[in-house]
There are 2 protein chains.
Amino acid sequence: MRDDAIRDDALAGRRASAGPHLVSPAGSGAGVTLTDVAREAGVGESTASRVLRSHGSFSSKTRASVLEAAARLGYVPNRIAGTLASTGSKLVGIIVPSLANIVFPDLLRGANSVLGKAGFQSVIGVTDYDLVGEEALIASLLSWRPAGLLVAGLEHTPRADAMLRGAGIRIIEMLDTDGAGIDMVVGFSNREAGRASARHLITRGYRRIGYVGHDLALDLRAAKRFEGFRSTLAEAGLQVAGQVIASAPSSIEAGRDGLARILSETRDLDAVYFSNDDMAIGGYFLCLSRGIGIPGELALFGHNGLEVARCAPQPLSTIRTPRVEVGEASARLISSDGPPAVVTLDFELIEGATT
Amino acid sequence: MRDDAIRDDALAGRRASAGPHLVSPAGSGAGVTLTDVAREAGVGESTASRVLRSHGSFSSKTRASVLEAAARLGYVPNRIAGTLASTGSKLVGIIVPSLANIVFPDLLRGANSVLGKAGFQSVIGVTDYDLVGEEALIASLLSWRPAGLLVAGLEHTPRADAMLRGAGIRIIEMLDTDGAGIDMVVGFSNREAGRASARHLITRGYRRIGYVGHDLALDLRAAKRFEGFRSTLAEAGLQVAGQVIASAPSSIEAGRDGLARILSETRDLDAVYFSNDDMAIGGYFLCLSRGIGIPGELALFGHNGLEVARCAPQPLSTIRTPRVEVGEASARLISSDGPPAVVTLDFELIEGATT
DNA sequence: GTGAAAGCGCTAACAT
DNA sequence: ATGTTAGCGCTTTCAC
């Protein structure tokens, strides 16, 4: 089990021939066209097309023979040709900043499940939190002439913005309602989430509150949460007692190390607000390791409402965000034809055992 | 923040016109074709095409005018047409059973990053662990004439198998090498992972070992691990002292509840093997809650090597699987043209603090 | 109810 | 170096 191994599979019990680098075996579905099916069924192409798409009229007799021919030949329709010939495509582009944070797979999951049921295929793009990368991805996805585009966030480069506006398809911006959108916007206010988090901590009586976050320059929604959080503290005559901002993406490890650092830098903290649950769970683990009493010695608050936060021995106080629901709602809007609108979904503050 | 709200965005500071349901504004990129660009630049279509793809020869003067025209018109190439006209597509289909388990986003992440660099777009499909759903997804993805198909697992319905064999493109089956593949196989042996896990527990002196798993009928790779685990125990004259198999997908909660149940059903267990780290972390949390000493009173062993397992106060003993690497290696094989082969990547047994 | 024919927007010979 | 032309496989009028 040391090195990667590539071994020929002569012994693995399969045809040694027929790699895709060779000509496909006769009778294989690849390369069979509608013309073939029509000829084999003894009907015209258009008739075969109508039958295969159950659209238009044809006798049940021709129907049977076309279906039979298609099955016998192993016909696989060519959607590329179909899309080019018809007007609308059945592809939907989805652009997310990352796949490493479960938030975005959740979003994808919601979107993909609704899209799949409506006959759409999801084409994904991952920006790595880079707006310039997003711009390139948008151009690339648009070139597939998708029926619509789902994209996380409201911030784009000017060129990306122009492309989205000029695309002539539904654009759904997800997960953020703090700002102006291009077409449809589905999400919630991160700023309000931050404000609600701050109010909760204040109400609970915490006064020396620190912040442990990850790279805010990249994660704009986390930055908006923090901004809402900070301004609410300010309105209550408080300020963030200390902060540590990792230059890495959010992770459990970054949260754990971040908490360790803020504890060593800032005296007498009674609560810490984390940029998200991953970070907060890291902090929680640190407290467990060091025997720091929660919430007596230190209170912890996260964001997202992940399963790991909910199932921890002390459920984390956090805000549950409707990630899957945002994906679902966004996908449903692809086929809508109303004017631009903003769909706001609820987040829910969860009073766990860590505050 | 009670109900979902849809409000018109007249106040949100954007043009109330120009939804995609209306005609796109004049000068918008949508609808601009290569013909337009060529005419505008005063060259032939093929010349414009060559310039835009930097393929073939052309003077730097025409190059400039074509590029200028394209930029001015906001030209977005139509890859659908391009794909139909040329031979190969730049779409790659990726089929995974789920997005709810971070394992598959990790796989996607690895694959997508390599594919993106090579100019491919990922089209994803999620089967929900349903082989019949997979069959439909394969047919659907194949209709987009992808350059290749990545699919998790070796098991398929007979029809799916036939479609994959007949597709005439590279088929990469991922994450499992226990069985015969169709074309390329990239992964590791789950059976061996189960065996290694068992050997570890036996070596550490555990004798009354239980198993807490999730629906094995669906997760075939988890079933293979358990089989390897069990057979290794048997070879050592041991047997699984008790088992609980949740009928739900793996989750932290299922692991926590599963451990609670096995502890109440089976006496004197000294170790528990979980179907994966999610389940194991659930078990770990239960032990923390109940004050069960780890590993003194009970040892825990997982599978996958997730971050949460690594960062827990007591790092979980588990097997780190090369998920991202499998995705990367699989993506690289899309453009390969060798004969069918099996690529085995290493997994790594992590001796954590829970055994 | 069915077929013929004209594209969809592009690429790839094949001229020039 | 550049233009002309013939498709790629399908959908969609439009006749019959």
Side-chain angles (χ1 to χ4, degrees), chain A residues 29-67 69-70 73-91 119 140 142-147 167-168, chain B residues 29-67 69-70 73-91 119 140 142-147 167-168:
Chain A
V32 178
T33 71
L34 184 61
T35 313
D36 299 329
V37 175
R39 184 175 9 77
E40 203 72 5
V43 301
E45 284 191 51
S46 50
T47 303
S49 173
R50 283 184 209 107
V51 170
L52 259 9
R53 285 175 305 132
S54 7
H55 183 275
S57 52
F58 40 79
S59 72
S60 64
K61 192 156 150 280
T62 43
R63 194 188 111 93
S65 60
V66 168
L67 258 29
L73 264 39
Y75 173 64
V76 177
N78 185 332
R79 297 265 239 161
I80 295 283
T83 301
L84 181 60
S86 65
T87 42
S89 132
K90 279 298 198 176
L91 293 177
S140 175
L142 247 26
S143 76
W144 292 103
R145 291 289 185 273
Chain B
V32 178
T33 70
L34 184 63
T35 313
D36 300 329
V37 175
R39 185 174 11 76
E40 203 72 6
V43 302
E45 284 191 51
S46 52
T47 303
S49 174
R50 281 183 211 111
V51 170
L52 260 8
R53 287 175 303 133
S54 5
H55 183 273
S57 50
F58 39 79
S59 73
S60 64
K61 190 156 151 280
T62 45
R63 194 189 110 94
S65 61
V66 168
L67 258 29
L73 265 38
Y75 172 65
V76 177
N78 186 332
R79 296 265 239 160
I80 295 283
T83 302
L84 183 60
S86 65
T87 43
S89 134
K90 278 300 198 176
L91 253 20
S140 175
L142 247 24
S143 77
W144 291 102
R145 292 291 186 270

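Computation of the quantities below employed the complete heavy-atom set of this structure, encompassing side-chain atoms and omitting hydrogens, waters and symmetry-equivalent molecules. Lettering of chains follows the sequences in order, A, B, ..., and the numbering in each one begins at 1.
- Between A:Ser59 and C:dT2 there is a side-chain N or O to OP1 or OP2 distance below 4.0 Å.
- Atoms CG and CZ, from B:Leu91 and B:Arg145 in turn, are 12.0 Å apart once rounded to the nearest 0.5 Å.
- Side-chain N/O atoms of A:Tyr75 include none lying less than 4.0 angstrom from OP1 or OP2 on D:dG9.
- In this structure, CG of A:Leu142 is placed 15 Å from P of C:dG9, rounded to the nearest angstrom.
- We find that CZ of A:Arg39 is positioned 13 Å from P of D:dG9, with the value rounded to whole Å.
- Nucleic acid contact for B:Thr62: sugar-phosphate only, since backbone atoms but no base atoms lie under 4.0 Å from a heavy atom of the residue.
- Distance alone, capped at 3.5 Å, places no donor-acceptor pair between the B:Ser143 side chain and the A:Arg79 backbone.
- Atom CD1 of B:Ile80 is separated from atom C1' of D:dC8 by 13 Å (rounded to the nearest Å).
- Listed pair A:Thr47 / C:dT2 fails the phosphate criterion, with no side-chain N or O lying under 4.0 Å from OP1 or OP2.
- Separating the CH2 atom in B:Trp144 from the OG1 atom in A:Thr83 is a distance of 3.5 Å, to the nearest 0.5 Å.
- Two residues, B:Asn78 and B:Arg50, neighbour DNA chain C, and the one matched to the more 5' nucleotide by heavy-atom proximity is B:Asn78.
- Comparing C:dC8, C:dC10, D:dT2 by their nearest atom to the side chain of B:Ser57 picks out D:dT2.
- A:Leu84 has its CG atom 9 Å from the C1' atom of D:dG9, to the nearest Å.
- For C:dG9, its base never sits under 3.5 Å from the side chain of A:Arg145 at any donor and acceptor pair.
- Here the P atom of nucleotide D:dG9 and the CH2 atom of B:Trp144 are 16 Å apart, to the nearest Å.
- Phosphate contact (OP1/OP2 of D:dC8, side-chain N/O of B:Ser86, threshold under 4.0 Å): absent.
- To the nearest 0.5 Å, atoms CD (A:Glu40) and OG1 (A:Thr35) are separated by 12.5 Å.
- Between A:Arg63 and C:dG1, a side-chain N or O to OP1/OP2 separation shorter than 4.0 Å is absent.
- Residue order along DNA chain C, read from the 5' end via each residue's closest nucleotide, puts A:Ser60 first among B:Pro77 and A:Ser60.
- With hydrogens and angles ignored, the 3.5 Å screen pairs a side-chain donor or acceptor of A:Ser86 with a backbone N or O of A:Gly82.
- Here the C1' atom of nucleotide C:dC10 and the NZ atom of B:Lys90 are 17 Å apart, to the nearest Å.
- Note: CD (B:Glu45) to C1' (C:dG7) measures 13 Å, nearest angstrom.
- Put simply, A:Ser49 has no side-chain N or O that comes within less than 4.0 Å of OP1 or OP2 on D:dT12.
- The distance from the OG atom of B:Ser49 to the CZ atom of B:Phe58 is 10.0 Å, given to the nearest 0.5 Å.
- OP1 or OP2 of D:dT11 sits under 4.0 Å from a side-chain N or O of A:Arg53.
- In this entry the distance linking CG of A:Leu34 with P of C:dC8 reads 19 Å, nearest Å.
- For B:Ser46 and D:dT4, the shortest distance from a side-chain N or O to OP1 or OP2 is not below 4.0 Å.
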